[in-house]
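One-based numbering, in listed order, for ligands and for the atoms of each.
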Amino acid sequence: MDTRTRSVEQIVPSTPGQLTVYACGPTVYRYAHVGNLRTFLLTDLIRRTAELLGLQVRLVQNITDVGHLQDDTAVDADGEDKLLAQARAENKDPFAVARFYEEAFHRDLALLGVHPADAYPRASECIDLMVALIVTLIDKGKAYVGDDGTVYFSAESFEGYGAISGNKLSELRAGHGATGESTATGKRFHADWALWKLASESREMTWPSPWGHGFPGWHIECSAMSLELLGSVIDVHTGGIDLRFPHHEDERAQSDSAAGHEVVRHWVHGEHLLFEGRKMAKSTGNVVLVADVVERGFDPLALRLAFLSSRYRQQANLSWDAIAAAQKTLDRWRASVAAWAEEPSKPMCAEVQAGVLEAFCDDLDTPRALQVLRTCEKSSMPDGCKFEIFAWADRLLGLDLARDVGRAPAALPEGAASLLSERATARGGKDFAASDRLRDALAALGVAVKDTPAGQEWTLS
Ligand code: AMP
Ligand code: ZN
């Protein structure tokens, strides 16, 4: 679902065969909670689906270790940086705190079966890029130095402001609204936001700049890092729903103003996760970590399966009961896959495979994909066939289903799964010319297809 166009769009990579993805990463001042992880999983599902379709994916996820203030709407230099506050609370060096939680983040992702990104740029190591981008924005008349020495982005200079969130500038009242703030500043317009803030010498995590010693705003980090590492056209940009505004709205204004065109082709946002019906917040003591899940004796991949049971764009209500139920399914599937693997390998049923793949391609309809697999599990299909299907589907699911199996499943060559899926559609529509053409294309990849009353079957030739 493309948040900006508010419709499900087909993703056509700007460079054929390659997909570029930017994911807003964690602010490393605390452990990621399971809500954060649900959002990080969204990016992993996009990546796995694209790779299964034969695309080469380049994924960049930033590490925010500076500039994310406690109150995102505040732009004053006295604003409390989340990381500095935590460092004070732990009586540690802020960089030590940042590296500690960054490592914990990587460990959590690994436990959850999330494939690592190709780059994890740290905001604190990209200050030069941010300064250069701010200089460009000033040169283009999009940013200015306010009376208070802060560099602001001029919201009114960007015509399309509000397209992602629907928050039009004319409707954002001064002193209110998410970018407006009540304190007097050197801004010329209430919805302008800070790109660079001046700081006293005593503040930690500050850098020199053409405008004086200070630190960057949070939004400019993502523009600078994404433009540098992925270029000025980015196929997909992900994040949690709360980042729609102001973070992504402001990032879009900055990036597009610098590039002179629409930089991000598709904005995809994951809805929030509730736990036992309540928002996850430190203040209410309702925060669940992967460590808590492990402590209760669950496999972290049961958490992953529980996430897959709801679609990313729906708010999900996770509970201990739901994780326990997912653990049961996970145990059963692993045992079944191991048992099925004992039977002679049989060609995979391409219809079931197409059902799973189509569900993933249909805006990551993971509940439907799981339903297709449950139906297959209960069907009278030969065990050797079920084994191949579940082992293949696990490339999308990431549940380590073949963990207890000694042999490797037959792996389809890259791009073959989507050809099989297309062929199933062609056959369904009685388009036999296309079906024959796709059979030849599959044969060229080394996949022999046979049509049976139950649908297509394939083997590696
Ligand atoms: P943060 O570390 O606070 O910058 O957040 C990291 C990511 O988690 C962002 O993409 C947020 O939008 C997302 N996020 C925060 N809270 C939740 C939640 N309860 N459910 C899902 N995603 C969340
Ligand atoms: Zn971001």
Side-chain angles (χ1 to χ4, degrees), residues 3 21-44 46 59-72 81-83 85-86 97-98 101-102 104-106 108-109 112 114 117 120-123 126 130 164-165 178 193 216-230 234 236-255 263-264 267-284 286-290 303 306-307 310-318:
T3 316
V21 184
Y22 185 86
C24 279
T27 308
V28 282
Y29 70 106
R30 55 157 169 73
Y31 291 110
H33 58 57
V34 292
N36 303 133
L37 291 165
R38 184 187 189 218
T39 294
F40 301 145
L41 177 66
L42 159 63
T43 312
D44 189 55
I46 292 174
L59 167 65
V60 173
Q61 183 167 37
N62 68 300
I63 302 287
T64 298
D65 57 0
V66 64
H68 195 166
L69 304 186
Q70 295 282 20
D71 176 3
D72 295 339
D81 185 300
K82 289 186 176 191
L83 200 88
Q86 184 63 26
V97 170
Y101 291 110
E102 184 183 327
F105 158 74
H106 290 303
D108 285 346
L109 288 195
L112 221 67
V114 171
Y120 288 105
R122 293 176 181 138
C126 297
M130 297 180 217
I164 301 175
S165 61
W193 62 92
W218 175 35
H219 316 309
I220 197 71
E221 295 178 6
C222 284
S223 284
M225 293 187 266
S226 62
L227 289 169
E228 171 73 12
L229 292 167
L230 292 174
I234 297 168
V236 178
H237 192 312
T238 59
I241 196 77
D242 56 308
L243 300 190
R244 245 181 337 182
F245 183 84
H247 186 55
H248 288 164
E249 208 67 84
D250 293 357
E251 182 186 329
R252 174 170 174 259
Q254 295 157 176
S255 299
V263 171
V264 172
W267 293 90
V268 183
H269 291 99
E271 257 295 346
H272 266 188
L273 182 79
L274 306 178
F275 202 87
E276 305 284 7
R278 288 191 299 141
K279 190 178 160 170
M280 219 167 315
K282 224 173 173 177
S283 53
T284 54
N286 196 34
V287 168
V288 178
L289 311 178
V290 175
L303 178 66
F307 286 152
S310 66
R311 206 179 194 172
Y312 78 92
R313 66 187 201 207
Q314 245 105 43
Q315 207 174 63
N317 183 16
L318 192 65

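Residues T39 and G239 share a closest heavy-atom pair of CG2-C, 3.6 Å. Considering all non-hydrogen atoms of both residues, V290 and V34 come closest at N-CG1, 4.2 Å.
Using cut-offs of 30° and 60° on the angle between ring planes, the pair W267 and H248 is tilted. Note: Y120 and H106 have perpendicular aromatic rings, judged against thresholds of 30 and 60 degrees for the angle between ring planes.
For R30, every heavy-atom contact with ligand 1 shorter than 4.0 Å involves the side chain, none the backbone. Of all the heavy atoms of K279, none lies under 4.0 Å from any atom of ligand 1, so neither backbone nor side chain is involved.
Within the model, atoms OH of Y31 and CG of D108 stand 9.0 Å from one another, a figure rounded to the nearest 0.5 Å. In this structure, L243 CG and H237 NE2 are separated by 8.5 Å, a value rounded to the nearest 0.5 Å.
In terms of polar-atom proximity, C24 is not counted as a contact of ligand 1, lacking any N or O under 3.5 Å from an N or O of the ligand. Between G35 and ligand 1, a contact under 3.5 Å exists for at least one N or O pair. Residue K82 places no N or O, backbone or side chain, under 3.5 Å from any N or O of ligand 1. Note: an N/O pair closer than 3.5 Å links D242 and ligand 1 by distance alone. Annotation: G240 places an N or O atom under 3.5 Å from an N or O atom of ligand 1; distance criterion only. Ligand 1 has no nitrogen or oxygen under 3.5 angstrom from a nitrogen or oxygen of E271.
Using a 3.5 Å distance cut-off with no hydrogens or angles, the side chains of Y22 and N62 do pair a donor with an acceptor.
When R244, Q315, R38, H272 are ranked by how near their heavy atoms come to atom 16 (N) of ligand 1, first place goes to H272. With L42, N36, V28 as candidates, the residue nearest to atom 15 (C) of ligand 1 on a non-hydrogen basis is N36.
Every atom of ligand 1 is numbered from 1 in the order shown, and the set under 4.0 Å from a heavy atom of T39 is 10 (O), 13 (C), 21 (C), 22 (N), 23 (C).
Under 2.8 Å from the Zn ion (ligand 2), one finds the following protein N/O/S atoms: C24 SG, C222 SG, H247 NE2.
Ligand 1 is never approached by H269 to a heavy-atom distance shorter than 4.0 Å.
Taking the charged nitrogens against the carboxylate oxygens, E271 and R38 have no contact shorter than 4.0 Å, which rules out a salt bridge.
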